[in-house]
Each structure stands twice: as structure tokens, then as C-alpha cells.
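Read through the structure below, which is laid out as C-alpha cells, and then see the notes.
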Amino acid sequence: MKETRFVVVDIETTGHSPQQDRIIQIGAVLVQDGEIIERFTSFVNPQMNIPPFIESLTGISDEMVALAPTLEQVIPELLHMLEGSYFVAHNVQFDLSFLQAQLDEVGYHPFKGPILDTVELSRLLLPNEESYKLQQLAESFNFQHDRPHQADSDAEVTALLLLKMIHKLEGLPLVTLQKLKEITTRLKSDFNTLLEPIISKRLTSYNEEVEQDFDIYRQLAIRKKTVEANGEEEVLITQSQLKDFVEDTFTNLSEMKKKFPNYAVRTGQLEMIEAVSDAYESRSHLLVEAGTGTGKSLGYLIPSVFYAKTYGRRVVVSTHTILLQQQLIDSDIPALKSMLPFTFKAALLKGRSHYLCLRKFEQRLQNHLDDNYDTLLSKGQILIWLTETTTGDVEELNLPSGGRSFWLEIQSEPNSCSGPQCPWFSRCFYQHAKKMAQKADIIITNHALLFTDVAQNHSIIPSYSQAVIDEAHHFEDVASNHLGVSIDFHQMAFLFNRLANSKQAISSVFGKCGQVPAADEKQSLEMKIETCKFEIDELFRMLHSYVIKMKKSSSTEVGRLSYRYCAPNEHGSLWQSILECGLRVYTFLKELNRQLEYYVQHLNDNVDDLSWEDRGTIADFQGVTNDFEETKQIIEQLLLEYDPNAVYWIEIEEKGAKNATYLFKKQVQLKETLADEFFAKKDSVILTSATLSVKESFSYFIERLGLEDFGPKSLIIPSPFDYRSQSKLYIPTDTFSINEEPELFVSDIAEKIIKIAHVTKGRMLILFTSFKMLKQTYQIIKERMGEDEFYLIGQGINSGSRTKLIKTFKQSDQAILFGTSSFWEGIDIPGEDLSCLVIIRLPFSPPDDPVLQARSEHMKLEGKNPFMNLALPQAIIRFKQGVGRLIRSEGDRGVIVVMDQRVNSTRYGKMFLLSVEDVPVLKVNTNELLTDLKDWYQS
């Protein structure tokens, strides 16, 4: 790469249109011989006014460019620099399109050299970065970037990024570089010309130092796994040592502060350690509500590790969110290992679909002709990632949007696994994760896998009798989701696409067996497939029409219409047609599956004479066949059978495709299943969360989870935070009632939010219970506030996942974040990034939510009040979760504003305030609120 010249360019402009807008600043950096050797920068007089937004973004004003040279005067020096060089930019199409347009305007020929886009390169070569924005990459690599959105600073950082990526390319194994070259011919950048000299050099001078770091197998390079030392001495621990350790370690404040800089003595944490240890020793179940800041992770990890090492029995720790899983495995477990006087093993085990199947990926790499851009980029990312990952877990990857579909083709799954016969079996990521779990003292997993394990007769997670359920307030809902069934048109369409791909591959395998299916058999299969696809399309269209016709639908959080159905009670010709069509679909799936199974059996009879690749193709075909069998059973459960203990409903996208239809079935009551299949089979289960109690009682959770007969112990550990001095809760007394004036309510809260935001300087999280109301409020605020006054971030409005939206919020000045149910919990925004929480409505589930309706009806039959025993406890727990977003550390300060008058005007509203009784409550009008708020922020 020494002779190669790269000119890294960044251009600041008056807007986004190369035809209408003008350049106001150019920065260029010449990179050669692995270093920066020349820099060029100049303001440019655009001969037009700079818009306020651009001035705010870049810090470049009209005055700064007034005496600057014109582009015509600047361009010769830049063109001289670009001669014989790559044109490099972060989002190269933007910078190059502006340059080309204005070169043409001043009479120069367009630039025709090779181009490189560092956004594309960073996506490809840095596959596990959370963001590919220049500022975030600069932070990630500690590049100094004092003036984002100024051309010289941006060009300098982009040059450093380019050098880092070239260095990374030069350190890749030869087989990876060669595979990349096959893929990258259709990328936006001239990546191939960048690779050629690196590959040529590697071919002529073998670099053993580079190659020995990788496991090269079947023309793929993967990171070598660390070989564990054998014969590790087993340390015997006694429970008395736990007491000594806790006393010695947690009272030695200076030592604790070395490992945890923010550590403070937490009596609640010590109390939890003792309670969890006692529960293990007495073989009893325990519920622990541990307030924010208690340090509950160590509160259960320490006694769990001591128990595991004392008795040689592994403990499973299950979480609801991936975020907490990663915190445990990346932070808490390593910290605990540094504290303990003995060693222990911890392993992370996720559901199989999280892991890459190397066999599938190898086969999918062999053909790129039909791949779209996102698939090609995903293949390249995974090739790079394989040289780095030890887990093969998709959560490490930042795939492009279309890459998720590609992942479905290459993920590990039981239906298509070849087992020990697979050539990749000894290197299989999923098998490695299972092996590590078998050896572990502590297994970190998630609630979903826990219930998959229950459904599959405890065959996935290594046997255990002690478990910790963190984020336990989700336990029932995850069980309900995971033990239920659902299907939609998109799933079925994807399954038929997989069948089409498998058929193409399987036909060549038949040829190698010397027996190709007869023409009439092939024709019969094609007819079955086409007929089945037609009937499925018709079925989902009719279900869509039925929901519209019934007009008893309500909008879900994701904007769908929902209708609860009960098959024996549905009437009318349309429903009858749906049942008849459902029966036809079931029958065609049954016949199709029978023929596919016949083919699989025939191929398996001849498998001994086939290659590993062909055996893999058969395994994939078997997987598709099994999926069709499962789909047939789901259609039968959802339309042709009826379980009185289950609730069924349909969701549609009213403005989407006419077959955009989703069917669901969930159990109404799970307590017997949970009691018999989970709690009765475990010696001790520790259920913990920051929100488990209602009115300081665990009776709601004990009843919902079927724990009454087990006599569980319970413990409430209050938060160590001083909520009286750190927070306030305001209830504006002059807010409209939504039930009487819904339009005025939305308009009024939007106005109040704007006024409050001016005091808090944004930094607000606004929680809604309705996606429709979120969009209405967002739009009103956007229209009423001054231009670019606040940065508005709306769930479902701004693109991106919840994690991405939260990260954008943290990194933005004067931001307001609008969220619905998923934002009520699991968000950690400590410090000044979040100082105001606005709760629009008390978080009751919609009264026509199908599961809530069915559970309420079941409660009425038992003679219970569903509002007091179900809806209200759920809402209070959710309210406590929402309030918990505000104060995340001892140094946090902030306010909560509750707009819903029911918290003040109803008897049950008082229960919400009692659930956060440590927070001072002020019932004031808006003007008084704003005055007090100003004093609060100035104090």
C-alpha cells in the first residue's frame, strides 16, 4: 500500500442539494506510506446566506466566509492534491456529488479516480460497532475530534479511521482477504483495488505471524479458541467462608473502591446476600424487591457462587433483557472474580438462533449472484467477525437492515443440524456454548430460553436445581409468549422462499444419488406448493377482512388493529369461509409435508455416498420439512381447534397489505404450569426485581406465578437513594380530562411539555401508553416550538431500535425522547442526560387487550375483582418502573410530572403515589409548577 495515495475529503455545505446548495468549507488530508503527509483546508464563499440550521450545526457563519475565496479560486489546489489518488470520504456520495456538480459549474472535468466510502468500510471491517457516525467512531477509538461538522476536523478524523482500517486489512488472513475480494466487487467503494496489493503481497511473502493467530479450516478463517488448562484444582468452600468473605470484603471500603469507584456501603446488599444464601440452604423459594441502587446483581451472584462451589451444583441466572445479560457477563462477573479468594466458571447460554451455523454460512458463501447489497455487506461483515468472535453470537454484530433476513438463512437451528456428522461440529459456536455451560458454576441465560427448556422437557440447559430470576416482573409475560403460538403471512412467505431455495439445491443432490424424481412427481409437488400458497394468501386476506368487518378492533402499541376471536362463537358466511379455507390450508400442508418427508427419507437412504456439502443440503431440506410440519400444527391450533383455557386474537395492519395479518394464541392462566413444570422441579428459585410488590405485599406475584403452595419467603430492600432531596413529583391541577376532552387534552399537554422543556433545557423522557397519542403530541410540539429549539426523538417516528434512540438522546443537546411501553423500563440514563420524566397517562393496559380481557373474565368466574386484583397491580408495578428511570445514581436529581388527573381524583390513584411514597408530591397549577421548577434547577 506504500505507493497508494488517499486524499480524505470533507465538505461542509449550505444544504443537501448539489444543484441548489453551495460549499462553505473544504478539508482534505493526504495519506501515503501509512501516515498523513499533507493537509489542506479553506473556507469557501458560497455567495449566498448560510441557513440558521447549518450555522448551528457547523458553527460556520456568514461573517466567517464573507472574505473567503470562491470555489473557483480554491479548486486548483484540491485537484492537484487529488491527482492519482483515491477520493475518500465518510459518506462519499455526498461529498463527491457536491464536488462533481460544482466542478462542472466552474468548467472542470469530473473526478474519475477510485473512491472509498469510510462509512461502508467501517461497516464492513468494524462489524461490532454500535454506530458508524463519524463522531461515535472517533469516540470509540479515542480520536481527538474537537469540532465535529467542520471540514478540517472531520477530514482529519476520517483519515485516522482510514489508516486504522487499512492496518486491520493488512492483519487479516489470506483466505479472508480472498473471500472478501469475491464479495466486494458490487460494493459502492472501489474496495477491490484496495485489496489487490494486499493480497499480492501476501501471496508472494507468506506472513506466518498473521496466519498463526487463526484457525484456517475449509477455506474460512476463524479466531482460535483459548485452550483451557486441564486439571484445575477444585476448591472446596464452606458456607462459613461466605460470612467471613462478606465481612472482610464489604467493610474494607478502600479495597472495594479500587474495584468499584462508585461503591458505597449498602446494608441492603448485605441483607440480600444473607437472604439468598438462607434460601439456598433451606431449599425454599424467595422473592426480593431490591430498590434501584441496592446492588442486587452482586446481592445474588455472591451467594450463588459460594453455593455452587460448596455443593458442586450449578446455579442458573436468568434475565429478561440482553442488556442485563451482557452487564452480568462483561462487568459483574469479572469484578466478582477479582474479589473472590477462589476461582469459578461462568458461561452465557442463549437460544440457538443467536448463534451462527458455520456449515450454512460456508455453503451460502459459494454463490453471490443473486445477493442484494445488504446480503453482500452482511457476508463481508461476518467474514471479518469470524476472525474476532469467540461466541458466534449475532448480538455482537451490527448488521444492515436487510442483513437480518440473511441471518435467518445462516443461524443455527435444531431442525437442520447435522450433529456430530457435520464437518464444523468441533468448531460449532452453539455446541461450544453448551459445553461451556456444562462446565460452568454459574450459567447466565434469559427467560425465553428458560421456557424453551421447560417446553422441551429440560433438554437444553444443563440440569440445575437453583435459579435466580432477575427482572422477575416479566416472568409471567415471557412464559405466556413463549408457551403460546403465533403465525403471520410473512413467516409463511419466508418458509416458502426457503423451500424454493432448498428445492434448487436438492435437485442436484438427487442427481448424484442417480435417481431423479419422476416428472409427474415434480409436477405434483409444484402444484401442491402453488395451490398451498394461493390458499394461504386467501386465508390471510379473509382474516384481514373479517377484522375490518367486525369493527370491534382497537389499536395496539405498534399501530395494528386487534380483534379477539373465539372460534366456536364466531358466525357468518365470511367466518365459515375462513374455516373452510383454513382446513384446505391444513390439508395441503399435510400433503406437501408427506411428499417432502418422502424425498428426505429417499435421500437419507443414499447419504453414505454423498459429500459433506450434499449432506448439509439434505439437513437444510429436512429443516424446511420440519418447519412445514410445525406450521401445519400451528394452523390447526389457531383455527381448527379450541382450548377454553386459551385466548385467541388477530392483528392486522389496516393500511398495509391485505394479507398483513397476524394470529396469536396464549394461555389465560399459567400458574399451574409454572408451579408444576418449573417451581416444583427446583429446590430454590430467587425472584428479584426493583418492582415486585404492591402496597408492600407480594401477594399479586405469588398468586400470578402459582407460588401459594410453596410458602415462599419474601424481602423488600428499599433503595439507598435519598428521593426526598433528589426528586420531586408534580401533578398539574389544570390539566384537561382525556375522557371528556381528548383533543384538548393532547393539545394542552403538548403546550405544557414545551413550557417545562424550556426550564429543563430538554433532557426529558415522555412516557405514553398509546402510540397514537405519542404521534399526535410529537407533531403538535414540532409545529409549535421554535426552529431547531429542541431535538425531538420519537419511538416509531425516528428510525432505529430502542437502544439506538436512547443513544441518540444521550448524545444530543436539549433532546426530548417520546416513548411507549418498551421505554417504561430497562432504560439507564444516569446523570444530567435525563432530568425530567413526564408520564402522560397512568400505565393501565388497554381494557380491550385480548389477554387482559380473558384473564379478567377468568377472575370474575373465581369471584375476584379483575380491576383490583389484576389491572391495578399491573399498572402500579409499571408506574414504579417508569419512575425508576429518573434516579439511577446517588448524584442524580430530577423531577416527575404526571399529567393524568386520575392520580389525584380517584381513590385508586392514591395507590400509585403510595408506591413511590419517598418522592415529595406537589399538586400545583402549571404556572406554580414552572416557578417551582426554575427554583429547583437553580438550587
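It should be emphasised that the depicted structure is a prediction, and the values quoted were computed from it without experimental measurement.
- Of the possible donor and acceptor atoms, none in the side chain of His447 sits under 3.5 Å from a partner among the backbone N and O of Val478.
- Side-chain contact annotation: Lys350 with Asn446, donor-acceptor N/O pair under 3.5 Å absent.
- Ring pair Trp824/Phe879: centre-to-centre distance not below 6.0 Å.
- Of the N and O atoms on the side chains of Thr321 and Thr319, not one donor lies less than 3.5 Å from an acceptor on the other residue.
- The aromatic ring centres of Trp575 and Tyr546 sit less than 6.0 Å apart.
- Taken to the nearest 0.5 Å, the CG atom of Leu774 stands 8.5 Å off from the CD1 atom of Ile766.
- Listed for the Ser770 side chain is a donor-acceptor partner under 3.5 Å among the backbone atoms of Met773.
- Taking OH of Tyr565 as the start and CD of Glu570 as the end, the distance is 9.0 Å to the nearest 0.5 Å.
- Side-chain atoms of Asp892 and Ser889 include a donor-acceptor pair closer than 3.5 Å.
- Closest approach of Lys810 and Asp833 over heavy atoms only: O-OD1, 3.7 Å.
- Asp932 and Lys728 are joined by a salt bridge, as a carboxylate oxygen and a charged side-chain nitrogen come within less than 4.0 angstrom of each other.
- Using modelled atom types and a 3.5 Å distance limit, the side chains of Ser562 and Glu651 yield no donor-acceptor pair.
- In this model, a donor atom of one side chain and an acceptor atom of the other lie less than 3.5 Å apart for Ser747 and Arg784.
- No donor-acceptor contact under 3.5 angstrom links the side chains of Gln901 and Ser737, judged on distance only.
- Aromatic ring centroids of Tyr648 and Tyr642 lie under 6.0 Å apart.
- Judged by distance alone, the side chains of Tyr300 and Asp470 do bring a donor and an acceptor atom under 3.5 Å apart.
- A side-chain donor-acceptor contact under 3.5 Å links His473 and Ser689.
- Note on residues 836-867: pairs passing ring-ring contact (aromatic ring centres under 6.0 Å, His included), not counting sequence neighbours, are Phe844-Phe867, Phe844-Tyr908, Phe844-Phe912, Phe867-Tyr908.
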Run the side-chain contact (heavy atoms from CB on, under 4.5 Å) check on Ile839 and Met899 step by step: do they pass? CA-CA 6 Å; Ile839 293 175; Met899 296 291 188; over 6 Å; no
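- Neither side chain, Tyr791 nor Thr808, offers a donor N or O lying under 3.5 Å from an acceptor on the other.
- A donor-acceptor contact closer than 3.5 angstrom links the side chains of Gln795 and Thr820.
- Distance CG/Leu670 to CD/Glu476: 6.0 Å, rounded to 0.5 Å.
- Ring-centre distance between His758 and Phe790: below the 6.0 Å cut-off.
- Within the 6.0 Å centre-distance limit, the rings of Phe678 and Phe475 are counted as a close aromatic pair.
- Atom CD1 in Ile749 sits 9.0 Å away from atom CD in Gln776 (nearest 0.5 Å).
- Counted by atom type alone, Glu917 and Tyr723 present zero donor-acceptor pairs between their side chains at under 3.5 Å.
- Between Arg855 and Gln667 the shortest heavy-atom distance is NH2-O, 4.1 Å.
- Note on Lys864 versus Glu703: salt bridge recorded, some NZ/NE/NH1/NH2 to OD/OE distance being below 4.0 Å.
- Here the CG-CD distance, from Leu639 to Gln637, works out to 11.0 Å after rounding to the nearest 0.5 Å.
- Exactly one residue among Leu450, Ile686, Thr688 makes a side-chain contact (heavy atoms from CB on, under 4.5 Å) with Ile469. That residue is Leu450.
- Atoms NE2 and CG, from His285 and Leu705 in turn, are 11.0 Å apart once rounded to the nearest 0.5 Å.
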